[in-house]
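These notes concern the structure reproduced below.
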2 protein chains.
Amino acid sequence: MSKILIVEDEPNIRMGLTDNLQFEGYEVDIAEDGEMGLKMILDGNYNLIILDVMMPKLSGFDVCRTVRGKNIDTPIILLTAKGEEIDKVLGLELGADDYITKPFSLRELLARIKAVLRRSNTPTQGTGTGYEVTIGKLCVNFQSYSAKIDGQNTKMSHKEFEILKFLLAHKNETVSRNELLEKIWGYEEQPTTRTVDNFILKLRQKIEENPNHPVIILTAHGIGYKLLA
Amino acid sequence: MSKILIVEDEPNIRMGLTDNLQFEGYEVDIAEDGEMGLKMILDGNYNLIILDVMMPKLSGFDVCRTVRGKNIDTPIILLTAKGEEIDKVLGLELGADDYITKPFSLRELLARIKAVLRRSNTPTQGTGTGYEVTIGKLCVNFQSYSAKIDGQNTKMSHKEFEILKFLLAHKNETVSRNELLEKIWGYEEQPTTRTVDNFILKLRQKIEENPNHPVIILTAHGIGYKLLA
DNA sequence: ATAGAAATTTGAAGTTAACTTAATTTACAG
DNA sequence: CTGTAAATTAAGTTAACTTCAAATTTCTAT
């Protein structure tokens with residue numbers, strides 16, 4: 001069974017998580033701050049790390065960055081507080097595999113844990129950690145927010161980056177337009193689903209060899225879109 | 001359609017919510033205070049509970065805690081007043097699925113309701129093995145809505161997924177065409193029973209080694225179909 | 001502040017895919 | 001055999017997606 005490390009300073013959340021994950025059958029270790037967490041990550045051999053962002057000594061961001069810098073690609077799920085929304089982007093940029101905003105429901109966290117573990121177990125999984133990814137004829141760098149097509153620099157908007165990132169984080173899964181709206185735009189803003197279509201259009205034009213016959217970002221009629229990789 | 005319980009002491013909000021949610025097609029029950037709410041939760045069978053925090057007798061916090069203590073995991077959305085100390089711990093400690101601060105926009109609440117219901121409907125939780133099933137030569141993943149035949153990705157429509165899911169849920173039982181129409185299409189739509197045949201045909205072509213002589217999806221003459229597993 | 005540029009959002013027309021129906025052929029049960 | 005039910009095919013209908021252009025909002029630099 002999978003071994004999970006929880007790095008979290010707030011005792012309530014830490015204990016709540018520990019209990020629940022153990023109940024779900026995971027083996028759980030805990031660290032009470034970033035420093036301790038980092039040490040345990042470097043020592044231990046975990047299948048998944050749950051990392052609070054807001055912590056004394058070393059923030060979750062710092063830990064994540066350091067870990068990835070050492071080429072350790074253990075899956076990481078970030079816990080962020082509401083309002084740290086801007087940092088959502090950062091999280092994945094840092095090489096985290098997923099994030100969830102507090103307060104979160106246990107149900108959702110469990111679902112994400114399973115999803116991340118499942119993805120990391122698939123042998124087809126490349127590193128996934130690097131900042132640079134090539135999809136079709138597009139090469140994007142999520143750290144510098146730059147993109148190239150055939151070696152030529154090309155412009156890409158912030159939302160385009162975000163959506164592509166989300167699709168990559170859920171590659172080979174069909175994601176619905178509403179899921180994208182929820183995760184990229186949030187609940188406060190509620191654009192039409194057409195808006196999503198438009199971004200898919202733009203992404204396809206950048207990614208696909210032949211945008212009229214997409215082979216990477218596929219549409220699943222009545223369901224959503226799926227990025228193959 | 002989903003059944004929602006509103007637990008809210010302020011008559012205006014209560015009625016406003018009730019009207020709007022009914023208009024959206026939800027079945028709505030109401031409770032006027034925490035005590036009454038708790039009783040109804042324990043009695044009734046709801047898909048979602050909208051729970052005000054500030055209430056006489058029993059606060060929303062109390063109700064939430066009690067409900068979760070009894071291992072009832074109906075999704076809960078908390079209504080909190082602005083300024084109310086709702087810290088990050090909330091979600092986990094109390095087990096609520098989401099919250100929204102008053103005054104809130106109806107649109108946002110509706111979006112959250114939909115999201116929570118969608119999450120709770122996914123068969124994500126439960127057994128560890130999950131959503132991948134192999135039937136005959138077809139391998140389907142109900143989470144990502146993807147399907148493979150002999151390792152090759154293949155297209156499957158939304159309805160095909162739904163019907164297959166239903167047949168699997170009732171494997172080794174004979175289900176009538178009308179049962180399928182009722183459960184998959186609902187009462188509003190009423191296609192011919194021939195429509196069902198067409199989907200069975202498509203499923204057989206994907207599942208059966210020899211679609212002309214099905215051995216997995218059998219026909220029960222004059223009755224319906226049966227999926228063997 | 002304000003103008004100009006860029007990005008986002010929306011609506012509508014066009015296109016494609018999925019669904020439904022009807023019609024024909026084949027299989028089944030009495 | 002015969003009548004009825006199911007499988008199959010093809011054509012019609014509906015719903016969903018794509019695309020484009022125009023309108024709006026947001027951003028940037030003056």
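Residue numbers begin at 1 in each chain, while the letters A, B, ... track the order of the sequences.
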Exercise: do [X] and [Y] side chains pair donor with acceptor under 3.5 Å:
X: D62(A); Y: S59(A); result: yes
X: Y26(B); Y: N20(B); result: no
X: Y99(B); Y: R112(B); result: no

Heavy-atom closest pair, residues N47(B) and L117(B):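 The answer is O-CD2, 3.6 Å.
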For a 4.5 angstrom cut-off between non-hydrogen side-chain atoms, does L228(B) reach V215(B)?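 No - every pair of side-chain heavy atoms lies 4.5 Å or more apart.
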Hey, are [X] and [Y] close enough for a salt bridge, meaning a charged N less than 4.0 Å from a carboxylate O?
X: R14(B); Y: D52(B); result: no
X: D97(A); Y: R68(A); result: yes
X: E10(B); Y: K102(B); result: yes
X: K137(A); Y: E208(A); result: no

With [X] via salt bridge (Lys or Arg N to Asp or Glu O under 4.0 Å) - residues at least two apart:
X: E160(B); value: K206(B)
X: E179(B); value: none
X: K226(B); value: none
X: D9(A); value: none

Atom [atom1] of [X] and atom [atom2] of [N]: how far apart are they, to the nearest Å?
X: F161(A); N: dA7(C); atom1: CZ; atom2: P; result: 11 Å
X: M156(B); N: dC19(C); atom1: CE; atom2: P; result: 11 Å
X: E188(B); N: dC19(C); atom1: CD; atom2: P; result: 18 Å
X: Q205(B); N: dT8(D); atom1: CD; atom2: P; result: 7 Å
X: K226(B); N: dA6(D); atom1: NZ; atom2: P; result: 15 Å
X: Y145(A); N: dA7(C); atom1: OH; atom2: C1'; result: 15 Å

Using atom names, set out every protein N or O paired with an N or O of nucleotides 22-29 of chain D below 3.5 Å, distance rounded to 0.1 Å.
none

Pairs under 3.5 Å (N/O, protein and nucleotides 12-16 of chain D):
from, atom 1, to, atom 2, distance (Å)
dA16(D), O3', G222(A), N, 3.4

With a 4.0 Å cutoff (strictly under), does any side-chain N or O of [X] reach OP1 or OP2 of [N]?
X: S157(A); N: dA6(C); value: no
X: Y225(A); N: dT18(D); value: yes
X: N212(B); N: dT26(C); value: no

Side chain to side chain donor-acceptor pair (under 3.5 Å) against Y46(B), all qualifying residues, sequence neighbours excluded: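 Applying side chain to side chain donor-acceptor pair (under 3.5 Å) to Y46(B) gives D29(B).
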Just report the end-to-end axis angle for the helix from dA1(C)-dT30(D) to dG30(C)-dC1(D), five pairs per end, to 10 degrees.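 Inter-axis angle at the ends, rounded: 40°.
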Contact list please: residues 191-203 of chain A against DNA chain D, heavy atoms, distance less than 4.0 Å, in numerical order.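 Here the set is D197(A), N198(A), L201(A).
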Sequence neighbours excluded, which residues qualify as side chain to side chain contact (heavy atoms under 4.5 Å, CB included) partners of H170(B)?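 H170(B): side chain to side chain contact (heavy atoms under 4.5 Å, CB included) contacts with F166(B), E173(B), V175(B).
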Mind listing the residues from residues 178-185 of chain B sitting with a heavy atom below 4.0 Å of DNA chain C? Number order is fine.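 Correct list: W185(B).
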Any pair counted as ring-ring contact (aromatic ring centres under 6.0 Å, His included), so long as it reaches residues 177-217 of chain A, sequence neighbours left out: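 Of all non-adjacent pairs touching residues 177-217 of chain A, those that pass ring-ring contact (aromatic ring centres under 6.0 Å, His included) are W185(A)-F199(A).
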